[in-house]
Each structure stands twice: as structure tokens, then as C-alpha cells.
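Computed from a prediction, not measured in an experiment: that's the story for all the values here. Chain identifiers are assigned alphabetically (A, B, ...) following the order of the sequence lines, protein sequences preceding nucleic acid strands; residue numbering begins at 1 within each chain.
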There are 2 protein chains.
Amino acid sequence: MQVNGGDLQRLRQLNLLSSIRALREATGPLTLTELAARTGLSRGSMVDVVTDLQDRGWIAEVEPAPGGMGRPAKRYRFRADAGHVLGIDIGVHKVLAIITDLAGRAVASGRVAVTPATTRDERLEAVDRAIDAALVAGGLTTLDLWGVAAGSIGVVNREGMVTRVTALPDWAGVDLIGHLGRRLSCPITIENDSKLAALAEQRLGVAAGVRDLVYLHAGRRPGAALILNGLLHHGFSGATGEVGLMDITGWRTMAGHLENSPAAAGAAPEDAAGLVFASARTGDPAALAAVDAYADQLALGTAAMVLTLDPELVVLGGGFSRSADVLLPALRRALEPHCLRVPEIRPSTLGEECVSLGAACLALDHVDDRFFSPQGSISRPAAPQRLT
Amino acid sequence: MQVNGGDLQRLRQLNLLSSIRALREATGPLTLTELAARTGLSRGSMVDVVTDLQDRGWIAEVEPAPGGMGRPAKRYRFRADAGHVLGIDIGVHKVLAIITDLAGRAVASGRVAVTPATTRDERLEAVDRAIDAALVAGGLTTLDLWGVAAGSIGVVNREGMVTRVTALPDWAGVDLIGHLGRRLSCPITIENDSKLAALAEQRLGVAAGVRDLVYLHAGRRPGAALILNGLLHHGFSGATGEVGLMDITGWRTMAGHLENSPAAAGAAPEDAAGLVFASARTGDPAALAAVDAYADQLALGTAAMVLTLDPELVVLGGGFSRSADVLLPALRRALEPHCLRVPEIRPSTLGEECVSLGAACLALDHVDDRFFSPQGSISRPAAPQRLT
DNA sequence: TGAATATCTATGGACTCCACAATAAATCGG
DNA sequence: CCGATTTATTGTGGAGTCCATAGATATTCA
């Protein structure tokens with residue numbers, strides 16, 4: 001990363017930023033002495049910096065901690081409520097909008113149910129309603145939003161266009177940025193939903209702090225996403241983790257092992273997998289065989305990614321991860337013969353909010369990028385405007 | 001990257017660093033005015049910074065450019081000769097040590113031929129002789145080296161141990177850092193040879209500036225390496241790009257398509273591939289079939305990586321890349337049915353020095369890391385000492 | 001030779017940080 | 001309740017760095 005110098009005000013800016021960073025990364029409020037220790041500044045300068053940040057509205061004073069010897073120190077906290085970001089999951093069955101503060105804590109959400117048959121325009125309208133509901137719930141307006149990210153199924157290119165989608169017939173080519181931009185004046189990012197789920201797990205979930213991981217979306221439509229060197233890997237055209245497109249992996253058809261299993265005879269396709277996993281849990285041989293057959297195929301594509309990337313961790317997400325107790329051991333067994341080293345595999349924990357939370361994380365990342373970039377200014381807290 | 005503030009000397013340090021960076025990235029020497037424009041400093045401060053750098057020995061004055069109006073401006077250049085790094089390729093058939101200056105220009109090299117039958121100790125002795133030869137050729141001593149990196153076949157873990165190697169029976173477990181550390185006091189890095197070749201291509205070769213690429217080592221022992229987000233991807237245990245270990249890719253046996261081709265009947269195994277490519281170039285049907293069969297298998301593993309990562313570029317390296325005119329079109333054709341988007345494929349250009357040059361690039365990266373890290377100091381130019 | 005152009009050099013002022021000393025507010029023990 | 005102790009806050013002087021501006025210098029062109 002470029003480390004640019006500059007004049008004295010730039011130095012002050014760097015010190016303001018590292019103080020903000022220290023306060024955000026701390027678990028609770030910090031005293032002046034603690035802040036000085038973390039930023040490396042002297043106490044005297046810390047006073048200047050903190051009063052500056054307070055004047056600008058970035059931090060707030062908290063009542064002193066009770067107890068302890070000596071004069072109680074003033075304590076300061078980052079004003080996470082100075083701004084908010086919005087994360088949206090535009091799924092096949094639901095649209096979920098979550099508003100978080102600058103610390104990533106969810107403060108409000110709005111949810112609208114949709115179906116695979118919902119048309120493009122109806123789905124976009126559902127997005128608007130979910131956003132409105134979240135804003136109302138949070139007592140906020142669009143002007144309070146500093147960044148927005150949305151997750152969509154399908155391949156999303158660098159310009160935010162959905163270029164390829166199979167599950168929804170009329171969704172390809174939708175201009176989500178254009179649609180959202182009509183109402184929202186803050187920067188907008190679009191990303192693939194599995195990628196956002198992976199990001200959420202790496203920030204808030206079972207993969208917290210892991211730098212290299214493969215996220216498996218095990219469900220009726222399988223997929224995968226990668227986090228490499230701590231960053232979401234987007235790829236040149238957005239089509240990463242698509243190893244399932246190779247016929248030899250069998251990912252296109254592997255859900256059939258579950259849906260067509262005699263253990264799920266007569267069930268609707270969307271319920272079949274759950275029944276098979278439940279039967280497998282009780283030891284039903286046919287169900288166990290179906291799970292093993294599914295895991296064998298899932299392992300084939302997974303092994304290709306693991307051998308390519310040698311990740312520290314594999315996260316098992318998607319609808320079938322609810323049955324991780326059955327599926328995960330089968331997957332590990334199936335990976336064994338293919339891999340040099342089978343990485344640790346953990347089931348996803350974030351549930352159905354994972355895509356929205358991941359979107360909020362991505363929006364927060366972009367807010368941070370603007371602040372911590374060499375050109376970034378730190379005026380008063382305010383929502384940034386889109387350039388376009 | 002963390003950008004920490006600090007006191008006024010830290011600000012000066014940042015300005016020194018960005019001036020050094022500007023001079024290194026420029027194509028030729030720069031005047032004070034030009035430097036001031038690139039760093040954003042005022043002219044007056046630029047004078048201070050430049051005299052500082054000159055006093056410390058980091059930059060040197062160059063005679064003014066002739067012609068032009070007005071008083072001729074003094075010009076300054078980065079003293080790339082202030083330090084050197086060493087890159088070593090420890091291969092099956094040769095050991096090649098290259099010394100470069102801080103700009104990455106090769107200034108001297110030493111080469112020692114070895115064979116697959118060379119024992120571990122003999123090979124290590126060959127390494128020492130190659131280093132000595134390069135030092136003699138450059139008129140340098142080990143104290144002039146600021147960093148060393150070596151490329152070895154096999155899997156190299158984060159600690160620099162060679163953990164898995166098939167081509168040389170007694171090479172696994174060799175303690176290269178320990179061996180080199182007995183003579184060299186600078187920081188030492190060990191890395192897999194294909195990874196270094198990929199790095200060289202991304203810095204100096206056909207992939208200059210590309211952020212995401214897959215490097216294919218097409219030769220008698222196939223392999224692959226990845227550059228992701230502009231950085232070498234090392235993986236958790238160093239075993240990246242090992243997709244060829246999956247039996248369904250057929251990478252273990254695909255060289256047999258060339259070596260057992262009737263077009264190479266009677267030739268020694270190490271010459272067979274060259275003969276087949278030559279015959280294919282003349283249109284020989286048996287040779288063309290062999291190349292296609294080889295390319296089909298190579299494409300299988302390549303497609304798995306491309307679908308996983310969606311890279312901008314694939315670089316075709318390794319011994320067979322000398323026949324890229326024949327192999328590359330076949331590979332592209334074979335990739336077509338597997339991939340959503342077949343990335344651009346370019347043949348490697350760096351020849352047999354690529355691993356050594358990549359090693360030098362890696363050593364230079366580590367030198368830069370120390371300088372541009374927040375804690376990095378910029379005292380007088382001097383070789384850093386190893387911590388251990 | 002003199003005008004034009006661009007660079008070099010020197011000075012004063014503004015800003016930021018640091019070190020040190022004096023002051024303020026709490027707890028603890030008698 | 002009061003002083004000793006502990007810790008935090010406030011204030012002052014000094015040093016380092018950068019900027020703006022003005023005058024001196026060196027080269028080209030007419």
C-alpha cells in the first residue's frame with residue numbers, strides 16, 4: 001500500500017485516523033493514556049487529537065470507569081452511530097435489507113418475501129420496500145446511509161452488472177446500480193451472494209480472521225466463493241468459484257442424489273434434501289448412501305479448489321449446511337483421497353442473514369477505503385456522494 | 001496497509017520514502033521540480049528532503065540535462081547500486097545464482113551444472129560454488145547482499161522447509177535456510193521454483209502488471225503457480241497449484257502422450273517431447289494427435305484453476321513453452337468447452353533465468369517491505385542482518 | 001549585450017509534536 | 001474528617017518540518 005507523506009496537516013490527519021482506528025478496534029472505550037499508548041503519540045498531543053475528533057463529531061466522551069486509584073480518566077468511544085450502511089440480500093425467496101452502524105452492528109432490517117416466479121420489476125419493487133422498511137425501523141432516511149452493497153445470485157462483473165444467472169429467467173442484465181441509484185445518493189456496490197456470505201463468515205462468523213478460505217454454498221444450486229489474503233477474490237469477470245461448471249465434477253446434477261433418493265420418495269424437490277438428511281441422521285442406509293454420493297461429488301469440485309489454493313479453512317454454507325452434522329463428516333471422508341492435506345472444515349453459523357451482513361461488511365469496507373486512503377479527508381461525519 | 005502517524009520525524013521519513021519511491025518508479029533521473037510535483041511537497045521542502053537523501057547515500061546527483069530554457073536543473077537518480085540481492089535457482093540440471101541491484105537489473109551470475117543423480121550434499125556444494133562465482137563476477141562480498149531468495153523444486157512451507165519432492169529422492173527435508181545461513185547474514189527466503197517463475201513473469205515478463213494470473217509449468221513434471229491480487233499466493237502449507245494431483249486431470253501421466261507417441265519412436269524420454277512438437281509443426285498427423293491429447297489433459301487441470309479463480313491471464317511456461325507455437329493453440333482449443341471465458345494465454349518469455357530472476361524479485365520485495373513498513377527506518381544504505 | 005525563462009537560495013511564519021512542570025480529582029489509611 | 005498517594009489534566013517553552021514569498025543565479029534566444 002502506498003504510504004504518502006505530505007505536510008503537517010497530513011501528519012495530523014494520519015494521527016486522527018490512527019486514533020479512530022484504535023478506538024474502533026478496541027473492545028470498549030479508551031482513556032487518553034491508553035490511546036496514547038496505542039497510537040504511539042505523547043499524552044499532550046493525544047489531548048489535541050482527541051479534542052479535534054470530538055469537535056468534528058467522530059468520537060464521544062463516556063462517563064469515567066468507577067473504582068480504581070487516582071483521578072478517574074475521561075473515556076472516549078468511537079461514534080459508530082455517526083453513520084450507517086445498508087446491506088441487501090436479493091434472493092430467490094426473500095429480499096432482506098439490513099442497516100448497520102459503522103461498527104457493523106445491525107440496527108434495523110426489512111424483509112419482503114418473494115418467489116422464483118416474481119418478475120424482475122416486482123423483485124426490484126420488493127427491494128425498494130425492504131429498504132423502506134429498514135429505514136423506517138431504524139428511524140433513518142436515505143441521507144443517513146454512507147454506503148450500500150447488494151448481493152444478487154448470478155455472476156456480477158466489476159461494473160455491477162448481473163451477467164449470468166440461471167435460477168431466475170429474467171434477472172440477467174438487470175441494472176441494480178441504476179435502480180438503487182435513483183433513490184440512494186451514496187456509493188453502491190453489487191456483488192455475488194455467495195461471495196458476500198463468505199465475507200460475512202470471515203468477518204463475523206466461523207472464519208473470523210482467517211486469511212485464505214474456500215466457502216462452499218451447498219444447496220440446491222451449488223456454488224463457491226474465495227477469500228484470499230484476507231480479501232474477497234472477485235476475479236477478472238466476476239466468475240470465480242465456478243468449478244462446478246466442469247462436467248466431471250458433477251455439481252450440476254449432484255443434488256439429484258438427494259432429491260431422487262428413495263429416502264425422500266414422494267416429497268417435493270425442495271423438501272427432499274432435508275428429509276434425506278433427517279433419515280441419514282437416524283441411520284437409514286438409503287439416506288446414508290445418498291448423502292455419501294452427494295458428498296463424493298461435492299468433494300470433487302472442492303478438492304480442485306483446495307488443491308489449487310491450499311486454503312487454511314473450508315466453510316460449509318448454503319441450505320444444506322443446516323445438516324452439517326451429517327454432511328460434514330461425509331465431505332471430509334470424501335476429500336481425504338484427493339487432497340495432500342485436508343483443510344479444516346467448519347459449518348457456517350450466520351444463518352439466513354449472512355448475505356445481507358456480508359453486504360454490509362462490504363459497504364463498510366468501501367467506507368473505510370475512502371477514509372484511510374491517502375487522499376481521504378476526515379471532515380465532519382457525513383454521507384459521501386456518488387461520483388457519477 | 002496500516003498507515004500510522006507519529007511525530008515530525010516520522011513525517012520526514014514518509015516524505016523521504018515517497019521521494020525514493022518516486023525516483024525508483026521514474027524512468028530516468030528527476031529534477032527537484034519534477035520530484036516536488038510527484039511527491040506533492042513544496043519545492044523548498046524538496047530541497048531539504050533531497051539533501052537529506054544525498055547525505056544518507058540513497059540518491060546521487062546526475063549532470064543536468066542539456067538544452068532547454070532557463071537555468072539547468074540539477075537532476076537526481078536513485079542509487080540502485082547501493083545494495084544488491086541474490087536470487088538462486090536450485091534445479092535438477094543446474095544451479096544458477098543471479099545478483100541484481102536494487103532496481104532488479106542483473107549485474108552478475110554464476111552457474112553450475114548438476115544432474116538428477118547429484119546427491120543432496122553435492123547439490124548444496126554446487127549452490128555454494130554458484131554463489132561464489134556470482135560474487136566474484138560482481139566484485140562483491142556476502143556483506144553486500146541485502147537479501148537472498150532461492151527457488152527449489154517441491155513444496156516449500158512457510159518456514160522454508162522443502163516438505164515434499166518427487167523428482168530428487170534425497171532432497172525432501174533439506175534445510176536450505178540453515179545451509180545458506182551459515183555463509184550469508186542477510187534475510188533468506190525459500191520458495192517453490194514455479195512460483196518464482198510466475199513472479200518473474202509478472203514483474204519482468206509477459207505478465208507485467210497483471211494482478212491475477214495462473215502460471216502453467218508445462219514440462220515433464222507439470223505444475224502451476226498463482227499470482228492473486230498482484231501477490232504470489234503461497235497457501236497455508238505451500239502446496240498451491242497442485243490440481244494435477246487429482247487423478248481425473250491426468251497430469252501425472254499426460255507427458256506420456258508425447259513421450260510414447262509414434263512420432264518420437266526411439267528417442268530418449270527427455271528428447272521425445274521436442275521431437276513430437278517439431279513433427280507437429282510440420283503437420284505430422286501422429287504428432288498433432290499426441291499434442292492434442294496432451295493439451296486436452298493439460299486443459300482439464302487448467303480449466304479447474306481458471307474456473308476457480310477467473311484470472312485475467314494464463315502464462316504458459318516450463319520446457320514445453322518453447323513450443324508454444326504448437327501447444328498454445330491446442331491448449332486454447334481444449335479449454336474452450338470447459339470455461340465460461342477462456343482467458344488470454346501468453347507464452348513465457350524469460351527463458352532459463354526465470355526462476356533466478358523471480359527469486360531476486362522476491363528478495364527485493366522483502367527488502368522493500370522492510371523499508372516501507374511503518375517501523376522501517378531509513379538509515380544509511382546497509383545490508384540488514386537476519387534476526388535469527 | 002539584454003530580455004526571457006527556469007532554477008536555486010534564504011527568510012519568516014504557521015503548524016504539530018514532545019518534554020516537563022504545575023494543577024486537579026479521586027482513593028486509602030489513620 | 002484530613003493528609004498522603006495515585007493518576008489524570010492543563011499549560012508553557014522548545015524543536016522540527018513544511019509552506020509561501022522574494023531575491024539571486026545560470027542558461028538560452030534575439
Hey, does the side chain of A/Ser45 come within less than 4.0 Å of C/dC18's phosphate (OP1/OP2), counting only N and O?
yes
Nearest-Å distance, CG (A/Leu30) to P (D/dA8)?
13 Å
Considering only heavy side-chain atoms of A/Leu41, the closest of D/dA26, D/dA8, C/dC17 is C/dC17
salt_bridge(A/Arg203, A/Asp365) N-O dist < 4.0 Å
yes
Students often get this wrong, so: under 4.0 angstrom with heavy atoms, is A/Asp48 touching a base, only sugar-phosphate, or nothing?
nothing
side-chain N/O B/Arg43 vs D/dC19 OP1/OP2, d < 4.0 Å
no
Using the side-chain heavy atoms of A/Lys74, tell me which of these nucleotides is nearest: D/dT9, C/dC17, D/dT25.
D/dT9
The nucleotide from D/dA8, D/dT10, D/dT17 with an atom nearest the side chain of B/Gln9 is D/dT17
Would you tell me if any nitrogen or oxygen in the side chain of A/Arg12 comes within less than 4.0 Å of OP1 or OP2 on C/dC15?
no
Result for 5'-nearest mapping on DNA chain D, choosing between A/Gly6 and A/Gly44, is A/Gly44
Here's a test of your reading of the structure: between A/Gly70 and A/Gly40, which maps to the more 5' nucleotide of DNA chain C?
A/Gly40
Using whole Å, report how far CD of B/Gln13 lies from C1' of D/dG16.
15 Å
Contact check, side chains of B/Leu180 and B/Ile88, non-hydrogen atoms, under 4.5 Å:
yes
Check whether any side-chain nitrogen or oxygen of B/Asn15 sits under 4.0 Å from OP1 or OP2 of D/dT17, and answer yes or no.
no
Can you tell me which nucleotide in D/dA26, C/dT7, C/dC17 comes closest to the side chain of B/Pro72?
D/dA26
Minimum-distance nucleotide to A/Asp7 side chain [options: D/dC19, D/dT6, D/dT9]:
D/dC19
Can you tell me how far C1' of D/dA15 sits from CG of A/Leu11, to the nearest Å?
14 Å
Counting side-chain heavy atoms from CB outward, which of D/dA8, D/dT28, D/dC19 is closest to B/Met69?
D/dT28
Below 4.0 angstrom from OP1 or OP2 of D/dA20, is there any side-chain N or O of B/Ser42?
no
Measure from CD on B/Glu34 to P on C/dC8 and round the result to the nearest Å.
11 Å
C/dA6, C/dA24, D/dT17: which one has an atom nearest the side-chain heavy atoms of A/Leu8?
D/dT17
Hey, are the side chains of A/Thr189 and A/His366 touching, using non-hydrogen atoms and a 4.5 Å cut-off?
yes
When rounded to whole Å, the CZ to P distance for the pair B/Arg10 and C/dC18 reads 13 Å
Measure the distance from CZ on A/Arg71 to C1' on C/dC28 and round it to the nearest whole Å.
18 Å
Mind checking B/Thr33 for me? I need base, sugar-phosphate or nothing, with any heavy atom below 4.0 Å counting as a touch.
sugar-phosphate
Parallel, tilted or perpendicular for A/Phe371 and A/Trp146, by the 30°/60° rule?
tilted
Which sits closer to the 5' end of DNA chain D, A/Arg75 or B/Val49, going by the nucleotide each is nearest to?
A/Arg75
Are any of the side-chain heavy atoms of A/Tyr76 and A/Thr31 separated by less than 4.5 Å?
no
Whole angstrom is fine here: how far is it from CG in A/Leu32 over to C1' in C/dA24?
15 Å
One thing to verify: whether A/Asp368 and A/Arg24 come together as a salt bridge, which I'm taking to mean a side-chain N less than 4.0 angstrom from a carboxylate O.
yes
Output the rounded distance in Å from CG (B/Leu14) to P (C/dT16).
16 Å
